[in-house]
Amino acid sequence: MPENSKILVVDDHEDTLFALESALAPLHCEVIRATSGEQALKEILRGDVGLMLLDLRMPGVSGLDVVRYTRRLEQTQYIPIILLTGFGVNREVSVAAFQLGVADVVMKPIDPLPLCTKVRYLHSTYQQLRALRQEVHDLKAKVAAMDASGARPSAFPGPGQAKVVGEDGGLDPVA
């Protein structure tokens, strides 16, 4: 998996997309854009999206609809999402958003400094999560291959072969 996934900004207003791209420029991450929920879903399914800034209210597929869809798919369920809104958020919408695992709901106009701080942290954390999930996947594949071949690596001693560090710092076999 690539080390630097993209940041997807989604809004149905061109001026908001430009403002978000400008605000995120200091992060030196690749930013891609979508102007609708449908376009956002296509970008997500292409892969390599590591964070999404998503307008809550868009014509057609809403921001919450996009979140619901991404949370149902294994490959996209952990993508950090920050919902953006120019309108007040009522309790029902905020509860639904946070129950779906949205990282934050931010009011427009957006202050660039706090936004960049949140995005940097969430994007970096997601990169680390992806790397760990890949490492676990690779290790499981190695263990499965060893089990299939009947081979047992020295790092995984069998019964009665465990080693214990002795008082002198050397390894002593366990009886």
Side-chain angles (χ1 to χ4, degrees), residues 1-140:
M1 284 187 217
E3 296 230 353
N4 282 323
S5 54
K6 301 169 189 166
I7 296 173
L8 174 61
V9 294
V10 185
D11 199 292
D12 55 325
H13 294 100
E14 191 69 31
D15 55 340
T16 303
L17 290 172
F18 179 76
L20 289 169
E21 289 170 331
S22 298
L24 298 173
L27 298 178
H28 305 290
C29 292
E30 184 176 355
V31 177
I32 56 175
R33 58 169 52 198
T35 57
S36 69
E38 293 91 349
Q39 279 186 327
L41 291 172
K42 288 177 185 175
E43 287 296 335
I44 291 166
L45 292 175
R46 285 188 184 113
D48 201 25
V49 171
L51 183 131
M52 189 173 10
L53 295 169
L54 177 63
D55 187 19
L56 178 62
R57 296 182 187 196
M58 294 181 289
V61 178
S62 74
L64 279 181
D65 292 335
V66 172
V67 175
R68 283 185 191 97
Y69 185 79
T70 59
R71 294 305 186 232
R72 285 187 283 203
L73 298 175
E74 184 178 348
Q75 69 266 28
T76 61
Q77 67 183 334
Y78 298 113
I79 295 173
I81 299 171
I82 298 174
L83 280 179
L84 310 172
T85 183
F87 305 97
V89 179
N90 64 36
R91 178 165 168 68
E92 181 180 315
V93 171
S94 64
V95 167
F98 289 118
Q99 284 179 337
L100 288 168
V102 168
D104 201 1
V105 178
V106 176
M107 295 292 295
K108 298 176 194 173
I110 296 163
D111 186 347
L113 183 59
L115 179 68
C116 280
T117 302
K118 289 175 190 179
V119 167
R120 179 183 297 116
Y121 172 77
L122 291 168
H123 192 249
S124 171
T125 302
Y126 181 69
Q127 299 296 349
Q128 293 169 6
L129 174 66
R130 283 177 56 171
L132 287 172
R133 290 176 59 82
Q134 184 63 48
E135 188 174 342
V136 167
H137 179 269
D138 294 347
L139 288 172
K140 284 181 179 180

Begin from the C-alpha positions of V66 and M52 and carry the test side-chain contact (heavy atoms from CB on, under 4.5 Å) through to its verdict.
-> CA-CA 10 Å; V66 172; M52 189 173 10; 4.1 Å; yes
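- Looking only at side-chain heavy atoms (C-beta outward), K118 and V106 come within less than 4.5 Å of each other.
- Residue E135 places its CD atom among 12 or fewer non-hydrogen atoms of other residues, nucleotides or ligands, all under 6.0 Å distant.
- Residues satisfying the salt bridge (Lys or Arg N to Asp or Glu O under 4.0 Å) test with R120, not counting sequence neighbours, are none.
- With rounding to the nearest 0.5 angstrom, the CD1 atom of I44 is 11.5 Å from the CD atom of Q39.
- One distance of note links CG of L54 with OG1 of T70; it measures 8.5 Å at 0.5 Å rounding.
- Here the closest heavy-atom approach between residue Y126 and residue I79 is recorded as OH-CG1, 3.6 Å.
- R68 pairs by the salt bridge (Lys or Arg N to Asp or Glu O under 4.0 Å) definition with D65, not counting sequence neighbours.
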Should V105 and L56 be marked as a side-chain contact (heavy atoms from CB on, under 4.5 Å) after you check the CA-CA gap, both sets of side-chain angles, and the distance that decides it?
-> CA-CA 9 Å; V105 178; L56 178 62; 5.6 Å; no
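- Minimum heavy-atom separation, L45 to Y69: CD1-OH, 4.0 Å.
- The heavy-atom pair separating R33 from L8 by the smallest distance is C-CD1, 4.0 Å.
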Please assess I110 against L53 for the test side-chain contact (heavy atoms from CB on, under 4.5 Å), listing each intermediate value before the final yes or no.
-> CA-CA 11 Å; I110 296 163; L53 295 169; over 6 Å; no
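- The two residues C116 and A23 have their closest heavy-atom pair at SG-O, 2.8 Å.
- Considering only residues two or more places apart in sequence or on other chains, K108 meets the salt bridge (Lys or Arg N to Asp or Glu O under 4.0 Å) condition with D11, D55.
- Taking CZ from R133 and CG from D138, the interatomic distance works out to 12.5 Å, rounded to the nearest 0.5 Å.
- A donor atom on one side chain and an acceptor atom on the other are found under 3.5 Å apart for S5 and Q127.
- Of the inter-residue distances, the one linking H13 atom NE2 with L20 atom CG reads 12.5 Å to the nearest 0.5 angstrom.
- Side-chain contact between M107 and T85: present, with at least one pair of heavy atoms (C-beta onward) separated by less than 4.5 Å.
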Verdict with supporting geometry, E43 and V10, side-chain contact (heavy atoms from CB on, under 4.5 Å) | CA-CA 10 Å; E43 287 296 335; V10 185; over 6 Å; no
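- Residue F98 qualifies as enclosed at atom CZ: its count of foreign heavy atoms under 6.0 Å is above 12.
- Pairing each heavy atom of V49 with each of R130, the nearest pair is O-NH1, 4.4 Å.
- Annotation for V102 and R71: closest pair N-NH2, 4.4 Å, computed over non-hydrogen atoms.
- Partner of L51 under the side-chain contact (heavy atoms from CB on, under 4.5 Å) criterion, chosen from V9, L24, I7: I7.
- Atom CG of L100 and atom CD of Q77 lie 12.5 Å apart (nearest 0.5 Å).
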